[in-house]
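For reference, the structure is listed below as structure tokens.
Computed from a prediction, not measured in an experiment: that's the story for all the values here. Excluded from the calculations below are hydrogen atoms, water molecules and symmetry mates; all remaining heavy atoms, backbone and side chain alike, are included. We name chains A, B, ... by the order of the sequence lines, and we start the count at 1 in each one.
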Protein chains: 2
Amino acid sequence: MFESFKKYILSRVVITDAEFERIAAVSTIRRLRKKQYLLQEGDVWRFNAFVVSGLVRLYRVDDKGTEHVVNFAKENWWTGDRESLLSGKPSKFNIDAVEPTEVLLIGKEEFDVICREIPAMATMVHDIIQKSFVATQNRLLVHKDFTAEEKYLDMMEKYPDFILRIPLGMIASYLGITPETLSRIRNQVKK
Amino acid sequence: MFESFKKYILSRVVITDAEFERIAAVSTIRRLRKKQYLLQEGDVWRFNAFVVSGLVRLYRVDDKGTEHVVNFAKENWWTGDRESLLSGKPSKFNIDAVEPTEVLLIGKEEFDVICREIPAMATMVHDIIQKSFVATQNRLLVHKDFTAEEKYLDMMEKYPDFILRIPLGMIASYLGITPETLSRIRNQVKK
DNA sequence: GAAAGGAATTGATCTATATCAAGTGCCGGA
DNA sequence: TCCGGCACTTGATATAGATCAATTCCTTTC
């Protein structure tokens, strides 16, 4: 259960078994069924969440009730609403499971203690956030300047497994296009 | 010269005068004329850059030679290409001055030493990057799901001074729309 | 295993925004 | 001070992608 989490951490930084035990001690596992919420709009997000297996989506709902997918997180990715975590304010997002999913949760306070006690963890977090920032900025470029087809091809190249695992409608929403358009693009692409 | 930088740091964290002197000792000032480059595509970006006064833009140039503005940075903002800084690879971006600008530069190595010696600085950096990440993600939402007019109004609300200081063409590029469309929107908006 | 409801496809329009094309104004350099 | 050129505006047309609508295809669910 915690093995994949340990493997993940060790692939990025060096910590001792004892240190990992301290981390495991403050971690809890939550199992989500398909469509089950991990976070609902209006709640305050207080965790660091690591996806052990499965796949979740983070999305917001506009005034018309339309869902807009912000991103996905699969096994060995982190998820959550950093804005709410940092500010302590209610989240404007929802997170729910696209597939049956296991998530490892560490409360904000416990996580901060861990980072203070184990500097390697702080380093790892800093590193991940920096990379997330770069990745998000690159995604912004794609959205700002690419056509619908280019955006789809870019996604295929970067995350081919998302294309296979996620229903068309959610991919369309993630790309900021309609399901109809994505369906046509797929026909087009496979010639 | 370094006063505004000091004021900026002290508004975010607590450091001593002696500590600031250490920071100032590794800082250099670069003055840029309008249109002068701070970074050119293909070069490796090795700095942390704080805008003391003026305004710069970060942009990329596509295969057709079209410029796409990624973001702007004005006084008391940081700029640079974190992707190149982290990876050590050549940058795919350019940075140049929109207005005559003064930038304070700290080399990557020196900056890392500072952060190790002065933990408050490390904290500050971590904090800034987290906020940048959140801001970029929010911008992504705007670009993905808003109309041209909504994007412009959002920018007016968040950065009214950018609207005044930056030429129309660059704002259009930042918003991912054509100058013609932005010109029409402006007419529309002022009714 | 049948029925029901959502998800994807396909087709026919519609619309926001891009593109192309003049014209106007204004700023910077000689 | 004048000139040249870029930046912005305004108009006419083109187009990518949205919207609306009908049909088929899967999944769930009982």
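- B:S84 places no side-chain N or O within 3.5 Å of a backbone atom of B:V44 that could act as its donor or acceptor partner.
- Looking at residues two or more places apart in sequence or on another chain, you find no salt bridge (charged side-chain N to carboxylate O under 4.0 Å, His left out) involving B:K151.
- To the nearest 0.5 angstrom, B:F111 atom CZ is 12.0 Å from B:L105 atom CG.
- Atom pair A:K34:NZ and C:dA7:C1' shows a separation of 12 Å (rounding to whole Å applied).
- With sequence neighbours excluded, the residues satisfying side chain to side chain donor-acceptor pair (under 3.5 Å) with A:E102 are A:R31, A:S53.
- With sequence neighbours excluded, no residue forms a salt bridge (charged side-chain N to carboxylate O under 4.0 Å, His left out) with A:E41.
- Formation of a donor-acceptor pair under 3.5 Å by the B:K6 side chain with backbone atoms of B:D17 is not found in this model.
- One can place CG of A:L182 at 12 Å from C1' of C:dA7, the figure rounded to the nearest angstrom.
- Near DNA chain C, defined here as any heavy-atom distance below 4.0 Å, the residues from residues 147-176 of chain A are A:P167, A:L168, A:G169, listed numerically.
- Because its NZ or CZ atom is both nearer than 6.0 Å to the ring centre of A:Y174 and within 45° of the ring axis, A:R139 counts as a cation-pi partner of that residue.
- Using a 4.0 Å cut-off between charged nitrogen and carboxylate oxygen, B:E99 and B:K74 do not count as a salt-bridge pair.
- Checked against salt bridge (charged side-chain N to carboxylate O under 4.0 Å, His left out), B:R12 has the following partners two or more places apart in sequence or in another chain: B:D127.
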All N/O pairs under 3.5 Å across the protein-nucleotides 23-26 of chain C interface:
none

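- In the 5' to 3' direction, nucleotides of DNA chain D lying under 4.0 Å from heavy atoms of chain B begin and end at D:dC8 to D:dA12.
- Residues from residues 53-73 of chain A lying near DNA chain D, meaning a heavy-atom separation below 4.0 Å, are absent.
- Scored by the side chain to side chain contact (heavy atoms under 4.5 Å, CB included) test, B:K108 finds B:L85, B:D112 as partners (sequence neighbours excluded).
- Summarising the geometry, the separation between CD on A:E180 and P on C:dA12 is reported as 15 Å, rounded to the nearest angstrom.
- Evaluation of the ring-ring contact (aromatic ring centres under 6.0 Å, His included) test over residues 16-57 of chain A, restricted to residues two or more places apart or in two chains, returns A:F5-A:F50, A:Y8-A:F50, A:W45-A:F47, A:F50-A:W78.
- Look at B:R165 and B:E75 and you find a salt bridge, because one of the NZ, NE, NH1 or NH2 atoms lies within 4.0 Å of a carboxylate O, short of that distance.
- Checked against side chain to side chain contact (heavy atoms under 4.5 Å, CB included), A:S183 has the following partners two or more places apart in sequence or in another chain: A:L168.
- Atom CZ in A:R186 sits about 8 Å away from atom P in C:dA8, given to the nearest Å.
- Between the side chain of A:T136 and the main chain of B:Q137, no donor-acceptor pair closer than 3.5 Å is present.
- Sparse packing is recorded around NZ of A:K89, with 12 or fewer heavy atoms of other residues, nucleotides or ligands lying under 6.0 Å away.
- Side-chain N/O atoms of B:R184 and base N/O atoms of C:dT19 include a donor-acceptor pair closer than 3.5 Å.
- End-to-end axis angle for the helix from C:dG1-D:dC30 to C:dA30-D:dT1, using five pairs per end and rounding to 10°, comes out at 60°.
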